[in-house]
Amino acid sequence: MTLMGVSTDRVICNLKRLRREKGYSQSQLAELAGVRRQAIYDMESGRYVPNTAVALKMARHLGCRVEDLFAVEEQRIERPITLLEKASPSGSRVCMARVGDRLVGYPLDGTVMLNDGLQAADGLITSDGGSVRLLRDEAHIEKTALILGCDPAFSILSSHVARCNTEARIHYRFSSSLGALDGLASGVAHLAGTHLHDTGQGDSNIVFARNTLPNMKATVLAFSFFEEGLMVAPGNPRGIRTVADLAGERIRFVNREKGAALRILLDERLVREGIPAEAIDGYGNTALSHTRGAQMVVYDLVDAALGLRAIASAYGLDFVPLETVRCDLVVPCDFLDHPAVKVVLDVLQTHAFREELASLPGYDSSCTGRIICTV
């Protein structure tokens with residue numbers, strides 16, 4: 001999609017300053033460059049931009065580069081934006097993608113976004129909070145797809161997409177399975193990741209997608225199998241083996257937020273065991289990501305947190321498996337021709353991506369890229 005409203009470039013001329021520094025008059029420089037003095041005057045007044053030959057001659061006599069003489073003023077393009085989270089203050093950094101006819105952005109702040117460094121932004125929120133000043137070329141934003149979900153391997157998918165096609169980009173934003181599908185339904189994402197365990201009422205990912213997207217045709221593709229469970233301290237010093245052990249004396253626990261697949265799994269297990277939620281110390285406390293939960297265990301703030309084996313391994317923690325589930329990607333059919341989404345579909349079929357995915361602790365890529373159904 002071509003965006004409207006791009007302004008005409010303005011050329012900044014540094015000729016007058018550089019000429020004076022070299023001690024040339026307008027007439028002297030005109031003679032050296034093979035033009036009239038009026039031409040030098042018009043250049044310095046911003047009325048005239050010389051051709052390449054004249055610019056090169058002047059640069060040579062002034063002992064500088066053409067870029068030192070003339071530069072294109074950076075455009076300050078502003079666009080209306082839909083923020084995925086609460087309005088950010090003026091100047092806040094955001095990453096963006098165009099979803100349908102809306103420019104969608106999310107803030108690059110908060111502890112969820114911080115790992116080893118800061119991510120470069122696509123724009124800055126303006127003072128009215130409803131627009132963004134672009135820092136990145138709009139053509140690149142048009143080739144960016146946004147994926148919502150909580151599988152940390154989506155970051156690896158993003159990297160493989162960039163390797164496969166430098167023009168395409170994937171932004172991965174952490175979200176619960178429920179939040180991810182709600183994002184598709186609301187038109188603020190291109191892809192959603194969901195990983196619900198089956199309850200005997202049919203394939204839960206399919207049922208969930210169908211119920212959440214009743215007015216949207218979408219393709220469901222398998223992304224991976226992975227192990228979910230409890231992340232505990234090295235050596236499992238509290239002897240936690242099942243969810244029933246979470247109700248033990250002085251066991252400190254941190255839950256996931258409502259709508260998270262792991263919380264749904266825990267609740268189902270507690271009902272099966274006949275354990276009331278209030279019997280667990282910390283059931284009402286939440287960690288908004290697998291990584292946050294792992295960090296709380298590492299710093300001895302809790303004894304157990306819900307998460308993936310791969311995350312537990314990355315933090316040097318022990319792991320109590322509860323279930324192996326399939327994570328699916330849900331893609332609205334309207335986005336199957338999106339430049340970045342097409343690259344995603346290609347990457348899912350590559351040996352390199354599947355091999356790296358399978359190398360993660362607790363992951364199985366035997367299903368990766370398989371079309372499950374259309375809902």
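For the single chain, residues carry numbers from 1 onward in sequence order. Model, not experiment: these values are computed from the prediction.
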Taking atom CD of Glu31 as the centre, report whether more than 12 heavy atoms of other residues, nucleotides or ligands fall under 6.0 Å from it. no

Where do Cys333 and Thr219 come nearest, in terms of heavy atoms and distance? SG-OG1, 3.7 Å

Would you confirm whether the ring centroid of Tyr24 sits within less than 6.0 angstrom of the ring centroid of His61? no

Check Glu44 against Gln26 and note the closest heavy-atom contact, atom names and distance. OE1-NE2, 2.9 Å

Show the numbers, then the answer: is there a side-chain contact (heavy atoms from CB on, under 4.5 Å) between Leu306 and Asn255? CA-CA 6 Å; Leu306 294 167; Asn255 209 342; 3.4 Å; yes

With a 4.5 Å cut-off on side-chain heavy atoms, are Arg272 and Val243 touching? no

Indicate if Val49 and Ile40 have the same hydrophobic cluster label, given that clusters are the connected sets of ILVMFWY residues with side-chain heavy-atom separations under 4.5 angstrom. yes

With hydrophobic residues grouped by side-chain heavy-atom distances under 4.5 Å, do Val330 and Phe225 end up in a single group? no

Correct closest heavy-atom pair for Ile275 and Ala244 would be CD1-CA, 3.3 Å

Hey, are Gln295 and Tyr315 close enough side-chain-wise for a donor-acceptor pair under 3.5 Å? yes

For the residue pair Asp245 and Ile240, establish whether any side-chain heavy-atom pair is separated by less than 4.5 Å. yes

Shortest non-hydrogen pair, Glu257 vs Ser176, comes out as OE2-CB, 3.5 Å

Are the side chain of Asn165 and the backbone N or O of Val343 linked by a donor-acceptor pair below 3.5 Å? no

Does CZ belonging to Arg36 count more than 12 external heavy atoms closer than 6.0 Å? no

Rounded to the nearest 0.5 angstrom, the CG-CG distance for Leu191 and Leu146 is 8.5 Å

Does Arg238 use its side chain to pair, donor to acceptor, with the backbone of Arg250 at less than 3.5 Å? yes

Using a 3.5 Å distance criterion without hydrogens, assess whether the side chain of Asp303 forms a donor-acceptor pair with backbone atoms of Arg252. yes

Kindly work out whether a path of hydrophobic side-chain contacts (I/L/V/M/F/W/Y, heavy atoms less than 4.5 Å apart) joins Leu32 to Tyr41. no

Give a yes or no on whether the backbone of His195 and the side-chain of Ser177 come within a donor-acceptor separation of less than 3.5 Å. yes

I want to check something: taking the side chain as every heavy atom from C-beta on, are Leu15 and Leu62 in contact at a cut-off of under 4.5 Å? yes

Quick one: is the NZ or CZ of Arg263 closer than 6.0 Å to the six-membered ring centre of Tyr283, and within 45° of its axis? yes

Side-chain donor/acceptor of Ser45 to backbone N/O of Asp42, under 3.5 Å: no

So if I apply the ring pair (Phe, Tyr, Trp, His ring centres under 6.0 Å) rule between Phe226 and each of Phe154, Tyr363, Phe319, which one comes out positive? Tyr363

What is the distance from atom CG of Leu360 to atom CD1 of Ile311, rounded to the nearest 0.5 Å? 9.0 Å

Under a 4.5 Å cut-off applied to non-hydrogen side-chain atoms, are Arg370 and Leu348 in contact? no

Using a 3.5 Å distance criterion without hydrogens, assess whether the side chain of Thr144 forms a donor-acceptor pair with backbone atoms of Ala97. no

Note: Ala233 and Val297 closest approach over all heavy atoms is N-CG1, 3.6 Å

Do Leu230 and Phe253 have side chains that approach each other closer than 4.5 Å (heavy atoms only, starting at C-beta)? yes

Go through the steps to decide whether Val54 and Met58 satisfy the test side-chain contact (heavy atoms from CB on, under 4.5 Å), and finish with yes or no. CA-CA 6 Å; Val54 172; Met58 292 191 299; 4.1 Å; yes

Working for side-chain contact (heavy atoms from CB on, under 4.5 Å), residues Leu221 and Ile371: CA-CA 4 Å; Leu221 302 104; Ile371 296 177; 4.1 Å; yes

Roughly how far apart are Leu329 CG and Phe223 CZ, rounded to 0.5 Å? 6.0 Å

Before giving the answer on side-chain contact (heavy atoms from CB on, under 4.5 Å), spell out for His290 and Leu262 the whole-Å C-alpha distance, their side-chain angles and the decisive distance to 0.1 Å. CA-CA 10 Å; His290 308 296; Leu262 269 165; 3.6 Å; yes

Whether Asp267 side chain and Ile264 backbone form a donor-acceptor pair below 3.5 Å: no

Check: Gly149 main-chain N/O paired with Tyr172 side-chain donor or acceptor under 3.5 Å: yes

Is there a path of hydrophobic side-chain contacts, each under 4.5 Å between heavy atoms of I/L/V/M/F/W/Y residues, joining Leu246 to Val271? no

Quick one: closest heavy-atom pair of Ala222 and Asp328, and the distance? CA-OD1, 3.4 Å

Close side-chain approach of Glu228 to Leu308, heavy-atom, < 4.5 Å: yes

Nearest 0.5 Å, please: how far is SG in Cys64 from CG in Leu18? 5.0 Å

To the nearest 0.5 Å, tell me how far Arg98 CZ sits from His338 NE2. 10.0 Å

Can you check whether Glu323 reaches Glu268 side chain to side chain, under 4.5 Å on heavy atoms? no

Checking Ser158 side chain against Ile170 main chain: does a donor-acceptor pair fall under 3.5 Å? yes

Looking at side-chain heavy atoms only, is the closest gap between Phe70 and Pro50 below 4.5 Å? yes

Just by distance, do the side chain of Arg256 and the backbone of Ala287 share a donor-acceptor pair under 3.5 Å? yes

Nearest 0.5 Å, please: how far is CG in Leu184 from OG1 in Thr212? 9.5 Å

